[in-house]
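The analysis underlying the following values was restricted to heavy atoms, covering all of them including side chains, and did not include hydrogens, waters or symmetry mates. Quick note on labels: first sequence line is chain A, next is B, and so on, each numbered from 1. Worth saying up front: this structure is predicted, and the values here are computed from it rather than measured.
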Amino acid sequence: MKIFNSYTNQLETFVPRHQGIVSMYVCGPTVYNYIHIGNARPVVVFDTVRRYFESQGMVVKFASNFTDVDDKIIQKAKEEGVDEKTISEKYINAFLKDVASLNSRTDYIKPKVTEYMPKIVDYIQGLITIGYAYEIEGDVYFRVSKLKEYGQLSNRKLDDLISGSRIEINEKKESPLDFTLWKKTEEGIHWHTNFSDGRPGWHTECVAMIDDIFGEEIDIHGGGTDLMFPHHENEIAQSLAKNHHTVAHYWMHNGRLNLEGEKMSKSTGNVVLVKDLNVNKLAYRMFLLSTQYRSPLNYSPEALDVFDKEWQKVQKSVEQLYRLLDLNDQLKDNVVVNASDLVDINNYFIESMEADFNTPNALTALNQLMKAINSKLRQKPDFEWLNQAYALTSKFLFILGLDFNLTKLSIEEKSLIKQWEQARINKDFELADQLRQLLVSKGLI
RNA sequence: GGACCCAUAGCCAAGUGGCAAGGCAAGGGACUGCAACUCCCUGAUCGUUGGUUCAAAUCCGACUGGGUCCUCCA
């Protein structure tokens, strides 16, 4: 398995710290609104990464946070005249619902800032103790100049950062690059600490959570490229200071999703929400996987329509295959795939995924498989081959997160389908058309 | 202003030194009781321009055109 490591800026062979176990952390949402289709990209990308490792027999320990303390949440709470918890709970639930609709797993560790406050405060206190942070008038800042590695991840030099800085000069800070760990405030939800009454900056939560959940370095840290600087750079800075390592062995960053060529973000209002997508959500997932995760991806309704059709084709082929096997009582479990054409397709699929999760090529393999199945469905049934093809299809769909439920036919349904087939053989087309209409209305063909 | 990325057929998109995958659209054909579905065939001097090499979409330089980050953002 090769993974492009953003920290070293090169393709590297993936070796987990502990054999057979993969630890992953992905930066999660700030919960003040419904997620848009761009927010869904890292969710789907890293869910697919997780699914692939699991399909290879590895145990994946996966965590992703909820930022439930933030200026925007406080502002929203004020606007709506409710407390912050009401807002964050509402949008955490909405997030999980949207994630599930994209067939991304929700069974992962979900730490919240509000539940991590003592550990975040301890983390900050620890940084002060070792001289990597300082407190001024109740605010606490990280002392960036003390860390010569700063800028490695985002490939920046300290001098460039200072000269190119558009950050307003904060007189209190020692250097404009120093970032806030704790901010003194009495507005909105806040906590009492030795430094002041206030709340944390947003860079400490992830490292404090990773420290607590994983105890040591993790294998993979994921997130969008836009988080590289400053957020991930600052995570690394804090971790280097406190733990002398860079949090993760592999840093993975997914590219942005643009809307009709324009940047999409909640703050500009230029958004399409996941819950408002009017196509099958799995078609949207397929669209997201149709481009390599590191490349930018441009969304347009027309582009999505293509995958809506693609998805329906796949769905139809898989259903037909399943129905045929079911109708003939030929469905089997634990099928070994050894037909040479299927083995070739499987090899291509696996090679693609092993090459830094090349999902576009994995989708090509899925396409080849569908084509092979469609051809075989027109021939005299070879149930051995068809069962193998079904097993392979199920595997591909699981890994890509495009799996969907198929239910076995009842005896009555089987009988109906057989009657329809017989009517056609008998050239009783009036009866055949009636039966076909009935079967279509039941969603069986 | 500083840092960085991208440019492959009408559209989407793989390929990162050895004759340019795949999908959509388009055209042709096959199958079919009618439908729908499906299958087969047809398309590229890889943005422009210099260079390195036996060999370049792929490496290096310049140019042009897009985009990202430096501020909240996934």
Report task. Give a yes/no answer on whether the side chain of A/Asn374 brings an N or O atom under 4.0 Å of OP1 or OP2 in B/C39. Result -> yes

Query raised in the report: When you look at CG of A/Asn405, are more than 12 heavy atoms from neighbouring residues, nucleotides or ligands closer to it than 6.0 Å?
Result: no

Query raised in the report: Any side-chain donor paired with an acceptor under 3.5 Å for A/Tyr32 and A/Asp70?
Result: no

Query - P atoms of B/G23 and B/C60, separation to the nearest Å - result: 32 Å

Query raised in the report: Partners of A/Asp341 by salt bridge (Lys or Arg N to Asp or Glu O under 4.0 Å), sequence neighbours excluded?
Result: none

Report task. For each nucleotide in nucleotides 20-26 of chain B, reading 5' to 3', give B when a protein heavy atom comes within less than 4.0 Å of its base, S when such contact involves only the sugar-phosphate, and - otherwise. Result -> -BSSSS-

**Report entry** Test item: side-chain donor near acceptor, A/Thr86 and A/Asp83, under 3.5 Å
**Finding:** yes

Query raised in the report: Between A/Phe429 and A/Gly223, which is nearer to the 5' end of RNA chain B once each is assigned its nearest nucleotide?
Result: A/Phe429

Query raised in the report: Which part of the nucleic acid, if any, lies within reach of A/Asn258 when heavy atoms closer than 4.0 Å are counted: base, sugar-phosphate only, or nothing?
Result: nothing

**Report entry** For A/Ala432, side chain to side chain contact (heavy atoms under 4.5 Å, CB included) partners two or more places apart
**Finding:** A/Trp420, A/Ala423, A/Arg424

Requested in this report: Check the distance between B/A74's C1' and A/Tyr32's OH and give it to me in whole angstrom.
Outcome: 11 Å

Query raised in the report: So what's B/C37 paired with, Watson-Crick or G-U wobble, going by both distances under 3.5 Å?
Result: none

Requested in this report: Sticking with atom P, work out how far B/C37 lies from B/A26, rounded to a whole angstrom.
Outcome: 13 Å

**Report entry** For B/U16, the Watson-Crick or wobble counterpart (both distances under 3.5 Å)
**Finding:** none

Report summary line: Which of B/C72, B/C39, B/A14 is nearest the side chain of A/Ser295? It is B/A14

Query - For atom CZ of A/Arg294 and atom P of B/A7, their distance in whole Å - result: 12 Å

**Report entry** Atom P, compared across B/G10 and B/C46: separation rounded to whole Å
**Finding:** 13 Å

**Report entry** Residues A/Thr13, A/Lys2; criterion side chain to side chain donor-acceptor pair (under 3.5 Å); working and verdict
**Finding:** CA-CA 4 Å; A/Thr13 300; A/Lys2 299 275 189 190; 3.0 Å; yes

Requested in this report: State the pairing partner of B/G10; accept Watson-Crick or G-U wobble contacts with both distances under 3.5 Å, and report none otherwise.
Outcome: B/C24

Query raised in the report: Nearest nucleotide by nearest heavy atom, which residue falls closer to the 5' end of RNA chain B, A/Ser154 or A/Gln292?
Result: A/Ser154

Report task. Return the value, rounded to whole Å, for the distance between atom CG of A/Asp71 and atom P of B/U71. Result -> 16 Å

Report task. Can you tell me, in whole Å, how much space there is between the C1' of B/A30 and that of B/G67? Result -> 46 Å

Query raised in the report: Is the count of non-hydrogen atoms from other residues, nucleotides or ligands lying under 6.0 Å from A/Gln10 atom CD greater than 12?
Result: yes

Report task. Look through every strand shown and name the nucleotide pairing with B/U58 as Watson-Crick or G-U wobble, where both distances are under 3.5 Å. Result -> none

Please list, one pair per line, the donor and acceptor atoms closer than 3.5 Å that link side chains of residues 350-358 of chain A to other protein atoms, with sequence neighbours excluded.
| residue | atom | partner | partner atom | Å |
| --- | --- | --- | --- | --- |
| A/Ser352 | OG | A/Tyr348 | O | 2.7 |
| A/Glu354 | OE1 | A/Met1 | N | 2.9 |
| A/Glu354 | OE2 | A/Tyr52 | OH | 2.5 |
| A/Asp356 | OD1 | A/Phe4 | N | 3.1 |
| A/Asp356 | OD1 | A/Tyr293 | OH | 2.8 |
| A/Asp356 | OD2 | A/Gln292 | NE2 | 3.4 |
| A/Asp356 | OD2 | A/Tyr293 | OH | 3.4 |
| A/Asp356 | OD2 | A/Arg294 | NE | 2.9 |
| A/Asp356 | OD2 | A/Arg294 | NH2 | 3.1 |
| A/Asn358 | OD1 | A/Asn361 | N | 3.1 |

Query raised in the report: Just how far, in rounded Å, is C1' of B/U38 from CD of A/Gln312?
Result: 16 Å

Query raised in the report: If you check every side-chain atom of A/Ser375, which of B/C73, B/C39, B/C4 has the closest atom?
Result: B/C39

Query raised in the report: Could you state the NZ-P distance from A/Lys376 to B/C40, rounded to the nearest angstrom?
Result: 13 Å

**Report entry** Length of the line joining A/His231:NE2 and B/C70:C1', which is rounded to integer Å
**Finding:** 17 Å

Query raised in the report: Whole Å only: how far is the NZ atom of A/Lys316 from the P atom of B/U38?
Result: 6 Å

Query - A/Phe287 CZ - B/A13 C1' separation (whole Å) - result: 12 Å

Query raised in the report: Looking at B/C34, does its base get a donor-acceptor pair with the side chain of A/Arg424 below 3.5 Å?
Result: no

Requested in this report: Could I get the full list of salt bridge (Lys or Arg N to Asp or Glu O under 4.0 Å) partners for A/Lys85, not counting sequence neighbours?
Outcome: A/Glu89

Requested in this report: Ignoring the backbone of A/Trp202, work out which of B/A14, B/C73, B/A35 is nearest its side chain.
Outcome: B/C73

Query raised in the report: Taking a pair as Watson-Crick or G-U wobble with both distances under 3.5 Å, which nucleotide is matched to B/U71?
Result: none

Query - Whole-Å P distance, B/U68 and B/A35 - result: 49 Å

Query - With sequence neighbours excluded, residues passing salt bridge (Lys or Arg N to Asp or Glu O under 4.0 Å) with A/Asp47 - result: A/Arg51, A/Arg285

Query raised in the report: Would you say A/Arg378 reaches B/C37's phosphate, i.e. side-chain N/O to OP1/OP2 under 4.0 Å?
Result: no

Query raised in the report: Taking the C1' atom of each, how far is B/G27 from B/A14, in whole Å?
Result: 25 Å

Report task. Write down the distance separating the P atoms in B/A55 and B/C19, rounded off to the nearest Å. Result -> 15 Å

Report task. Kindly point out which of B/A14, B/C4, B/G33 is positioned nearest to the side chain of A/Ala432? Result -> B/G33

Report task. Please measure how far the P atom in B/G15 lies from the corresponding atom in B/A7, and state the result in whole Å. Result -> 11 Å

